[in-house]
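To keep things clear, I will list the structure first and then write my remarks on it.
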Amino acid sequence: MGETILLATDDGIALFRFEDGRFTELLRTLSGIALTSVGRPKNAFLAGTRTGILRSTNGGGSWTEAAAGPVTPHIRWLLVHPDRTDLVFAGTEPAGIFVSDDAGLTWTGRPEVERLRDEHGWWLPYSPESGCVRGLAFHGERGYAAVEVGGVLRTLDGGATWDLAPGSSGDPQFRDPPPDHVHADVHSVEVHPSSADLAFAATNAGLYRSRDAGETWMRINADGYTRAVWLDPGDPEHFISGPARSVGRNGTVIETRDGGMTWGALTDGLQSPWPNTMVERFCAIGPDHLAAVLDDGRMTILNRRTGRWGPGPDNPGVVRGIAL
C-alpha cells in the first residue's frame, strides 16, 4: 500500500502515495489558498493558514473552518500527538500554543505562553509580531516547543500547561547563551522515541542536545544556522542535520553516527551546498526514506538504504508543510 503524504503548498493541498520509490498524485484541493502547515489527526485533514485552520472529514473533498479556532490565526506549525490521534497542537505567530482534543474541531489557548512571550519580549527578525512557535514534539506526557526568538518551552502534563525549559532563559537578547543553556533563536525541536529526556533543538547557532529533559543543553554541532534535524528511531546516536552558512544560504546535509562527536557530508545525489536555500524540515517516509523540504519549497528524498538523494514528487507546488 505504501505511504500517503499530505503536502501543504502555496496553492493548496497535494496528496501523494509513495510506493516502491515512486510518487502517485491522488488529490489536489484548496487551490488558491496559501498554506503554512498540515496535519492528519483521527479521521480528518487539517490545513494551517495565516488566517486560521481549515478542516476536512471526507478526505479533502470539502473543507470548513475549525468551529472554535485559535484566536491567534497565523498558524506556523501543526502537530498530532504520536500516541493520541485526536490530540493536536498548533504553534502560532505571535508566539502561542493552542490545543485541540477533538481532532482539530475546537481549540483552546495556553495563556501562560502568551504571558511568557510578553514578559520576555520575544520577537522576530522578519516580522513585527512578537515571536512564533514554529515547532513542537512529544513523547508521552512530555512535550517541547520551539520559540523563535525565545527558546524552548516544555510541558510535563501532555500539553495542559507550559513553561520555559530550565535550560532556556527565555531572554531573546542572548547572542551567546549562559553555560548549559540553549540558544534563544530556536527553529525546531525533536524528542527521541527511546526517551522523553532526549531532546534536540535546531537553532541560529547550530544543533543542541539535552539528555535531561531540557534541564541542561550542549551544543553538538556549531556548523551553522540550523532549522531541521532528523533522529533515527532505531539508534539514538544517529541523526541528520541540515545547516547553512547563513540564513537560507549555502545549505547542506550532514550526518553523525556517534552522537555528534563527528559529522560527515550526506550529499550523494545533491547539488549542494545550495547557494540560496537550506533544509526547512525533515520527515521520515516509512522505514527506508527521508524527505527534506527546502525553504524555497522544493523537496528531495533520501533512500536510507543507498545513502543517495533523489527527486521528490513531480510538480508538488511550493511545499511549506508535510504530514503522513
**Asked** Can you tell me if T226 uses its side chain to pair, donor with acceptor, with the backbone of G224 under 3.5 Å?
**Response** yes
**Message:** Walk me through whether L207 and D223 qualify under side-chain contact (heavy atoms from CB on, under 4.5 Å).
**Reply:** CA-CA 8 Å; L207 182 64; D223 206 38; over 6 Å; no
**Request:** Decide yes or no for R227 and V279: does some side-chain heavy atom of the first lie under 4.5 Å from some side-chain heavy atom of the second?
**Result:** no
**Message:** Between I53 and W107, is the side-chain contact (heavy atoms from CB on, under 4.5 Å) condition met? List the steps.
**Reply:** CA-CA 10 Å; I53 294 175; W107 298 81; 3.4 Å; yes
**Prompt:** Does the pair R117/E119 count as a salt bridge with the N-to-O cut at 4.0 Å?
**Reply:** no
**Prompt:** What orientation do F45 and W63 show, parallel under 30°, tilted 30 to 60°, or perpendicular over 60°?
**Reply:** tilted
**Request:** Determine whether more than 12 heavy atoms belonging to other residues, nucleotides or ligands lie under 6.0 Å from atom CG of N58.
**Result:** yes
**Item:** Worked check of side-chain contact (heavy atoms from CB on, under 4.5 Å) between M278 and Y225
**Value:** CA-CA 9 Å; M278 64 179 296; Y225 182 96; 3.7 Å; yes
**Request:** Just jot down the salt bridge (Lys or Arg N to Asp or Glu O under 4.0 Å) partners of R281, sequence neighbours excluded, or say none.
**Result:** none
**Asked** Between E129 and R76, is there a salt bridge with N-O shorter than 4.0 Å?
**Response** no
**Prompt:** Looking at E215 and R154, does any basic side-chain N land under 4.0 Å from a carboxylate oxygen?
**Reply:** yes
**Request:** Flag the pair H289 / F18 as yes when their ring centroid distance falls below 6.0 Å, and as no otherwise.
**Result:** yes
**Request:** For atom CG of D258, decide whether the heavy atoms of other residues, nucleotides or ligands shown that lie under 6.0 angstrom number more than 12.
**Result:** yes
**Pair R84 + D86, salt bridge at N-O below 4.0 Å** = yes
**Prompt:** Would you say T36's side chain and R50's backbone share a donor-acceptor pair under 3.5 angstrom?
**Reply:** no
**Message:** Please check this pair: side chain of R257 against backbone of D235, looking for a donor-acceptor N/O pair closer than 3.5 Å.
**Reply:** no
**Item:** Lys/Arg N to Asp/Glu carboxylate O, R305 vs D288, below 4.0 Å
**Value:** yes
**Prompt:** Taking the side chain as C-beta and beyond, is there a heavy-atom pair between L302 and R308 under 4.5 Å?
**Reply:** no
**Message:** Centroid separation under 6.0 Å, is that true for the rings of F138 and F89?
**Reply:** yes
**Request:** Determine whether the aromatic ring centres of F200 and F239 lie less than 6.0 Å apart.
**Result:** yes
**Request:** Mind checking the CG-CG spacing from D163 to L156? Nearest 0.5 Å is all I need.
**Result:** 9.0 Å
**Item:** CA sep, side-chain torsions, deciding dist, call: L324, T4, side-chain contact (heavy atoms from CB on, under 4.5 Å)
**Value:** CA-CA 6 Å; L324 301 184; T4 54; over 6 Å; no
**Asked** Which other residues end up in the same hydrophobic cluster as V318, if Ile, Leu, Val, Met, Phe, Trp and Tyr are linked when side-chain heavy atoms come under 4.5 Å apart?
**Response** none
**Request:** Look at R211 together with D197 and state whether they make a salt bridge at an N to O cut-off of under 4.0 Å.
**Result:** no
**Request:** Give a yes or no on whether V189 and V147 share a hydrophobic cluster (residues Ile, Leu, Val, Met, Phe, Trp, Tyr; joining criterion: side-chain heavy atoms under 4.5 Å apart).
**Result:** no
**Message:** If hydrophobic clusters are built by linking Ile, Leu, Val, Met, Phe, Trp and Tyr wherever their side-chain heavy atoms come under 4.5 Å apart, do I301 and V293 end up in the same one?
**Reply:** yes
**Request:** Assess whether atom CZ of R28 is packed by more than 12 heavy atoms of other residues, nucleotides or ligands within 6.0 Å.
**Result:** yes
